[in-house]
Protein chains: 2
Amino acid sequence: MSSSENRDKLIRTASRLFRSKGYAGVGLKEILEAADLPKGSLYYHFPGGKVELADAATRWAGDWVAAMLGQCFDQAASFKEGGVRACEALAAAAEPQSCVPACPVVSILQATPSEPALRKTAQEIYDMWTAGLARQAERFGVDDPQQAALSLHMRLQGAWILAYAQQSGAAFHHLAAELRKETVG
Amino acid sequence: MSSSENRDKLIRTASRLFRSKGYAGVGLKEILEAADLPKGSLYYHFPGGKVELADAATRWAGDWVAAMLGQCFDQAASFKEGGVRACEALAAAAEPQSCVPACPVVSILQATPSEPALRKTAQEIYDMWTAGLARQAERFGVDDPQQAALSLHMRLQGAWILAYAQQSGAAFHHLAAELRKETVG
DNA sequence: CACACATTAGACCATTTGGTCTATAAACGA
DNA sequence: TCGTTTATAGACCAAATGGTCTAATGTGTG
């Protein structure tokens with residue numbers, strides 16, 4: 001029976017729940033009920049238990065975000081436009097949901113003091129995103145690509161927190177409008 | 001015996017722990033042990049239990065941040081300088097700690113799906129901060145004070161998340177440097 | 001001293017937590 | 001068909017969870 005099918009279902013379900021209520025706010029019971037799978041499946045696919053599942057779920061969502069950012073910038077004619085497109089994509093991803101999900105990394109961040117393994121994961125995903133943005137900035141000939149990438153990442157994170165708090169994509173649209181108004185580098 | 005003394009100790013202890021590990025990541029046992037107080041004290045001062053304590057702790061920390069922002073801008077000669085000072089103040093507050101604490105609002109945000117009372121608190125604190133920043137922007141004659149306030153708040157939130165993730169004040173310093181370089185409004 | 005009130009102290013409870021373990025069932029090659 | 005592997009199924013466990021409740025202990029006032 002397709003090994004990876006239920007494994008993926010666990011990852012997707014866990015990612016959704018963790019991003020809604022945070023690592024510590026979700027119990028295995030809730031994940032298993034939502035995925036309609038028994039505990040045995042979880043510990044077969046993830047012998048490391050909750051931490052390993054959260055790690056996999058966060059990396060999966062992190063890769064998805066990275067791919068989305070890549071698409072936004074590939075379709076753009078400038079770094080600035082890429083940023084605008086990223087805002088709109090994140091807003092679009094947030095809006096149809098019944099719950100606007102938090103940044104996947106944020107959802108495990110508060111668990112890192114107790115679970116050191118997750119700290120490394122969080123840092124790696126952030127580094128991946130920033131590196132991707134820096135590559136795009138370089139491609140568009142931005143003056144200081146590293147600085148531009150960090151700056152955009154920071155603003156996206158801020159917008160994401162506010163969007164999550166307000167359960168609305170408005171913050172992303174606001175940031176998009178702001179980026180549009182800025183002088184073209 | 002000074003009623004408010006132990007009540008304050010609970011608030012301070014809870015705020016520190018919640019900001020380090022998040023609302024759901026901290027148990028009452030841990031808070032009570034850290035504050036060296038019995039459970040009876042907690043439920044005497046906060047009949048609403050964990051939620052009421054978290055609410056009080058978050059509002060207390062939220063007021064502290066608001067006051068700090070006020071001071072930064074009162075000492076500044078421009079809105080831009082106020083932003084720079086705020087970054088540096090947040091960095092300074094983060095650096096001596098053994099654990100760089102998260103934004104107090106973020107620490108309860110992930111609990112809001114299960115605890116609706118905390119959602120209102122979170123929104124009120126954010127509104128208070130933004131309103132304070134908007135007042136300052138207006139005072140300095142910034143073009144669109146509301147937009148300037150939202151924009152700065154967003155960037156501070158982003159920096160705060162990255163500072164928490166990296167357990168370092170570097171993100172705040174980075175944002176300060178970035179603000180300094182921007183054209184004076 | 002006596003009285004009322006404010007506060008502390010922690011035993012106790014039902015529920016939930018993450019995790020382990022054994023038994024079963026399906027899949028598949030020999 | 002047999003045997004092995006892969007995966008599901010869920011009973012079970014110790015520990016921790018938030019919360020309630022009753023005693024006891026101040027503490028100040030008449």
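Note on naming: letters A, B, ... go to the chains in the order of the sequence lines (proteins, then strands), and numbering restarts at 1 for each one.
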Can you tell me which nucleotide in [options] comes closest to the side chain of [X]?
{"X": "Y44(A)", "options": "dT20(D), dT20(C), dA7(D)", "value": "dA7(D)"}
{"X": "Y43(A)", "options": "dG18(D), dG10(D), dG18(C)", "value": "dG18(C)"}
{"X": "K39(B)", "options": "dA11(D), dT8(C), dG18(D)", "value": "dG18(D)"}

May I have the list of side-chain donor-acceptor pairs in residues 157-176 of chain A shorter than 3.5 Å, sequence neighbours left out?
| residue | atom | partner | partner atom | Å |
| --- | --- | --- | --- | --- |
| Q157(A) | NE2 | H153(A) | NE2 | 3.2 |
| W160(A) | NE1 | P101(A) | O | 3.1 |
| Y164(A) | OH | S20(A) | O | 2.5 |
| Q167(A) | OE1 | V100(A) | N | 2.8 |
| Q167(A) | NE2 | V100(A) | O | 3.0 |
| Q167(A) | NE2 | Y164(A) | O | 3.0 |
| S168(A) | OG | A170(A) | N | 2.9 |
| H173(A) | NE2 | E95(A) | OE2 | 3.1 |
| H174(A) | NE2 | Q147(B) | OE1 | 3.1 |

Side chain to side chain donor-acceptor pair (under 3.5 Å) with [X]: which residues, sequence neighbours excluded?
{"X": "Q71(A)", "answer": "none"}
{"X": "K29(A)", "answer": "none"}
{"X": "R119(A)", "answer": "T112(A)"}
{"X": "E138(B)", "answer": "none"}

Taking only residues two or more places apart in sequence, or in another chain, which ones meet R135(B) in a side chain to side chain contact (heavy atoms under 4.5 Å, CB included)?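 Result, side chain to side chain contact (heavy atoms under 4.5 Å, CB included) vs R135(B): A131(B).
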Phosphate OP1/OP2 of [N]: any [X] side-chain N/O under 4.0 Å:
{"X": "H45(B)", "N": "dT8(C)", "answer": "yes"}
{"X": "S41(A)", "N": "dA7(D)", "answer": "no"}
{"X": "N6(A)", "N": "dT8(D)", "answer": "yes"}

Using whole Å, what does the distance between atom [atom2] of nucleotide [N] and atom [atom1] of [X] come to?
{"X": "E33(A)", "N": "dT16(C)", "atom1": "CD", "atom2": "C1'", "value": "12 Å"}
{"X": "L42(A)", "N": "dG19(C)", "atom1": "CG", "atom2": "P", "value": "9 Å"}
{"X": "I31(A)", "N": "dT16(C)", "atom1": "CD1", "atom2": "P", "value": "16 Å"}
{"X": "E5(B)", "N": "dT27(D)", "atom1": "CD", "atom2": "P", "value": "12 Å"}

Residues E124(B), T121(B); criterion side chain to side chain contact (heavy atoms under 4.5 Å, CB included); working and verdict: CA-CA 5 Å; E124(B) 284 177 13; T121(B) 304; 5.7 Å; no
Apart from Y43(A) itself, what residues make up its hydrophobic cluster, given side-chain heavy atom links below 4.5 Å?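 Direct or chained contacts put Y43(A) with L10(A), I11(A), L17(A), F18(A), Y23(A), V26(A), L28(A), I31(A), L32(A), L37(A), L42(A), F46(A), V51(A), L53(A), W60(A), I108(A), L118(A).
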Sub-4.0 Å heavy-atom contacts from residues 17-30 of chain B onto DNA chain C, ordered by number: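 Hits under 4.0 Å, by residue number: none.
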Does the distance from a Lys or Arg side-chain N to an Asp or Glu carboxylate O, for E182(B) and R155(B), drop under 4.0 Å?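 Counted as a salt bridge, because a side-chain N and a carboxylate O are separated by less than 4.0 Å.
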Quick one, which residues of residues 46-56 of chain B touch DNA chain D with a heavy atom under 4.0 Å?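 Under 4.0 Å from DNA chain D: G49(B), K50(B).
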